[in-house]
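A quick write-up on the structure given underneath.
What you see is a predicted model, and the numbers here were worked out from it, not measured in a lab.
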Amino acid sequence: MSGEWRLLEVEWPEDPYLNLAAEEAIARAVGEGVAPTTLRFWRNANAVVIGAFQCASLEVRSRECLRHGVKVVRRFTGGGAVYHDIRNLNFAVSFRKPSPIPGDSIMKAYEAVGRAVVSGFGKLGVEAEFVPINDIQVRGRKICGMAGTLSRSLLFVHGCILVGSNLEILSRVLNVPKEKLEAKGVGKVRARVTTLIDELGREVGMDEVKDALKRGFEEVFDVEIVPGELTEWERKMINELYEKKYSTIEWNLGPCVKCPDRERDLKIFEKFGLISVKGEL
Amino acid sequence: MSARRGCFTLRSTHGKTVRVCATIANGRIEHLTITGDFFGEPVEAFRKLADELIGLGADDAEEIRKKVSGFLRENVKWIEGISEEDLGKAILECVRRLSEN
């Protein structure tokens, strides 16, 4: 056994902005050395989470989001837009550098964390494989996507597992570029994804999935993962990031803040109430 | 001459996508946005790069290329999923298409 990790199960499913603020705050705490290596499990009830380099207006179908009450939030890591509902499970691993990942490489981190998730799926009876750069697939269909970041003192990877997600809503609200679908060899989003429940052919509870994943991480990283709590430092950082970043429309719109379509986007999101309108616009 | 706006999406052989949207007016880049599902740090750098290109001649490929590579070298710590060449290529292709009659 090469050490102990903290397990956090803190979530605000109805407030994806708070969930993402917590995601960054926990990662920062680990990077700063004020919290130990941490595995977090959490869920959003109904949201699209776009990548740090994406624009909400390009990645989501706003009217479909309105129809289905889907909120839009931007995360602090790159990668593509994903749909979250309460039957998705998100995980996040924060390492302080130097990490157990060779060379603190982000690509090797996807692979190692991917191995842990694949091992967890195996315990449930689902045979999955890590597919570079950052996907986990079952029979050629995506079941989990990961994203991550690397800074001076932090190596961070998080991912979203489709446990029993509503794939119809997923395919309606995401506006996936045709170039991406063509590269994946499919014409529609629905055709390239699957869920744990579909693969198992039975219902599976979140606790069962979390337990399998925890054991997968313990096995692959040779650690013991023990339940823990948020620290006071993290609670303060969550509030600060929520106020200054994740609840602002400027952050959530993405880099398109100076786009000619910005006014239209603002109106759409204000009208639909999808994104909090706070802070400097 | 009226402004022309459009986007160009490039799927990189490194596995990710970069989408460049631009507005060209009077032969110059009036606005440009770089988005995509790639990874990199710092996040703000790619928006700053886009701002740096504003005002350049849409047909001045050499200057655009030089600006992009210089900016990436000095400001971007790492980039994965697309290459620096992909980013330059997507910007140039987007601008070129909008400049065509």
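- For B:K67 and B:E63, the salt-bridge test fails: no basic side-chain N is under 4.0 Å from an acidic carboxylate O.
- At a 4.5 Å heavy-atom cutoff, the contact between A:T149 and chain B is made by backbone and side-chain atoms alike.
- Checked by atom type, the side-chain pair B:D86/B:H14 shows no donor-acceptor distance below 3.5 Å.
- For chain B, the nearby part of A:I106 is the side chain; its heavy atoms alone come within less than 4.5 Å.
- A disulfide is not assigned to B:C94 and B:C7, since their SG atoms are no nearer than 2.5 Å.
- Options B:A50, B:P42, B:G36 differ in how many heavy-atom pairs under 4.5 Å they form with chain A, and the most are formed by B:G36.
- Using a 4.5 Å cut-off between heavy atoms, A:R74 contacts chain B through its side chain alone, with no backbone atom that close.
- A centroid separation of less than 6.0 Å is found between the aromatic rings of A:W42 and A:H84.
- We find that B:R65 and B:E62 are joined by a salt bridge, their nearest charged nitrogen and carboxylate oxygen being less than 4.0 Å apart.
- Side-chain polar atoms of A:R75 and A:T77 form a donor-acceptor pair below 3.5 angstrom.
- In this structure, the portion of B:I34 lying under 4.5 Å from any heavy atom of chain A is its backbone and not its side chain.
- For the pair A:Y110 (side chain) and A:G148 (backbone), a donor-acceptor distance under 3.5 Å is present.
- Scanning residues 71-80 of chain B against chain A with a 4.5 Å heavy-atom cutoff picks out B:W78, B:E80, ordered by number.
- A side-chain hydrogen bond (donor to acceptor under 3.5 Å, both in side chains) with A:K245 holds for exactly one of A:E250, A:E240, A:E24; it is A:E24.
- With a 4.5 Å cut-off on non-hydrogen atoms, B:F38 touches chain A through its backbone and its side chain both.
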